[in-house]
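Read the structure below first, then the notes.
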Amino acid sequence: MSSGAPALKYLSGYPPALLGQVQGLIEAGRLGPYLAERYPEGHEVRSDKALFDYTQALKQRFMRNAEPLNKVCFDAKLKVIQHALGTHTRAQTVQGARLKTRREIRVATLFKEAPADFLRMIVVHELAHIRELEHNKAFYQLCEHMEPRYGQLEFDLRLWLTQRELGAAAQT
């Protein structure tokens, strides 16, 4: 591939033919317009409270019986480079004779500016971790139950991350 190939780090593991198509879009300057046309809608989820409410609504709709969430917030410390766009954590504490579990979801701050579909995809991903800790078949089935276009959205999110990186590199 050409000198732009390293920009495809978010797409490792995809077939070479597909990577060639992506590279062609990049070289033609069409990746950004393609994504903007495909995902024109933004969202209004800008605060931690709005994110909590958004996440709770999805949880209530699809995972009503799952353990409650104690906290949902945007986290500026989550970095794409560390392969973390969101996290789901469980912390157990002892209170007297009882064991309490706190569940938190953190979403990378970059999703404040992402298209609405990508925010939904990452929230669905983290919610699925409440029931399935590993990225296994059951995990992806749960993701697709909550968001039928999950696989396509995950791929397009990787394209969006690639485009963001290319845009940042062009500004330096």
Side-chain angles (χ1 to χ4, degrees), residues 7-15 18-19 21-26 28-64 66 69 71-88 103-132 135-170:
L8 300 181
K9 67 183 179 187
Y10 302 112
L11 299 167
S12 64
Y14 285 93
L18 186 57
L19 297 179
Q21 290 177 346
V22 172
Q23 192 63 40
L25 282 173
I26 292 168
R30 291 279 314 136
L31 183 58
Y34 165 80
L35 290 167
E37 182 180 311
R38 193 167 166 107
Y39 299 100
E41 290 185 35
H43 59 81
E44 299 301 318
V45 181
R46 299 281 188 262
S47 68
D48 289 345
K49 179 177 180 352
L51 182 61
F52 183 86
D53 293 345
Y54 178 83
T55 304
Q56 281 293 99
L58 282 171
K59 181 182 173 296
Q60 187 64 25
R61 182 170 175 203
F62 294 106
M63 300 176 66
R64 191 169 296 145
L69 292 169
K71 183 177 183 176
V72 179
C73 63
F74 286 107
D75 189 342
K77 294 178 184 169
L78 291 178
K79 301 289 185 216
V80 176
I81 297 164
Q82 299 163 336
H83 303 291
L85 299 173
T87 60
H88 169 259
R103 287 175 174 73
E104 293 185 5
I105 289 177
R106 294 177 179 270
V107 174
T109 303
L110 72 93
F111 283 98
K112 285 184 180 181
E113 305 306 320
D117 287 333
F118 296 161
L119 175 66
R120 182 179 172 89
M121 188 230 76
I122 199 68
V123 169
V124 161
H125 182 99
E126 298 309 328
L127 280 172
H129 278 305
I130 292 174
R131 287 223 175 106
E132 295 292 332
H135 292 121
N136 56 25
K137 185 176 181 179
F139 172 84
Y140 287 107
Q141 286 175 336
L142 182 54
C143 287
E144 288 179 3
H145 169 71
M146 291 188 278
E147 174 49 67
R149 300 175 305 138
Y150 179 84
Q152 183 65 53
L153 289 173
E154 182 178 350
F155 177 75
D156 288 348
L157 172 63
R158 292 169 182 276
L159 292 178
W160 184 75
L161 292 169
T162 299
Q163 179 59 32
R164 278 178 52 97
E165 190 171 275
L166 290 170

*asked:* Can a donor-acceptor pair be found, under 3.5 Å and without considering hydrogens, that links the side chain of K59 to the backbone of L127?
replied: no

Assess, by modelled atom type and distance only, whether the side chains of Y150 and H125 contain a donor and an acceptor separated by less than 3.5 Å. yes

Subject >> L18 vs L11 side-chain heavy atoms within contact, under 4.5 Å >> reply: no

field: Salt-bridge present (E147, R149; N to O < 4.0 Å)
entry: yes

_Any heavy-atom pair between the side chains of I26 and T162 that's under 4.5 Å?_
yes

All heavy atoms of G42 vs all of A116, minimum pair found to be O-CB, 3.4 Å

### Query
With a 4.5 Å heavy-atom cut-off, do Y140 and H135 have their side chains touching?
yes

For L19 and Y14, the nearest pair of non-hydrogen atoms, with its separation, is CD1-O, 3.7 Å

Between E132 and F139, the two heavy atoms sitting closest are O-CD1, 3.6 Å

When rounded to the nearest 0.5 Å, the distance separating CD of E154 from CD of E144 is 9.5 Å

When rounded to the nearest 0.5 Å, the distance separating CG of L166 from CG of L161 is 11.0 Å

Separation between CZ (R30) and CD (Q163), nearest 0.5 Å, reads 11.0 Å

In this structure, CD1 of I105 is separated from CD1 of I130 (nearest 0.5 Å) by 5.0 Å

Query raised in the report: Can you say whether the rings of H145 and F62 are parallel (under 30°), tilted (30 to 60°) or perpendicular (over 60°)?
Result: perpendicular

Worksheet entry | Side-chain heavy-atom pair M146, R120 within 4.5 angstrom cut-off | no

Shortest non-hydrogen pair, V123 vs T55, comes out as CG1-OG1, 3.6 Å

Original post:
Is R158 reaching over with its side chain to a backbone N or O of Y10, donor-acceptor style, under 3.5 angstrom?
Top reply: yes

Sorted by chain and residue number, the ring pair (Phe, Tyr, Trp, His ring centres under 6.0 Å) partners of Y34 (sequence neighbours excluded) come out as none

Contacts of D53 meeting side-chain hydrogen bond (donor to acceptor under 3.5 Å, both in side chains) (sequence neighbours excluded), chain-then-number -> K49

Interatomic distance, CG@D117 vs CD1@I122, rounded to 0.5 Å, equals 13.5 Å

Minimal heavy-atom distance between F74 and V45, with the atoms involved, is CZ-O, 3.6 Å

In terms of heavy-atom contacts, L35 and D156 come closest through CD2-O, 4.0 Å

Can you find a heavy atom in the side chain of L153 that is under 4.5 Å from one in the side chain of Y39? yes

Check: Do any N or O atoms from the side chain of H43 and from the backbone of F111 form a donor-acceptor pair under 3.5 angstrom?
Finding: yes

> Do V72 and E126 touch side chain to side chain, with heavy atoms closer than 4.5 Å?
Replying inline: no

In this structure, CG of L51 is separated from NZ of K71 (nearest 0.5 Å) by 11.5 Å

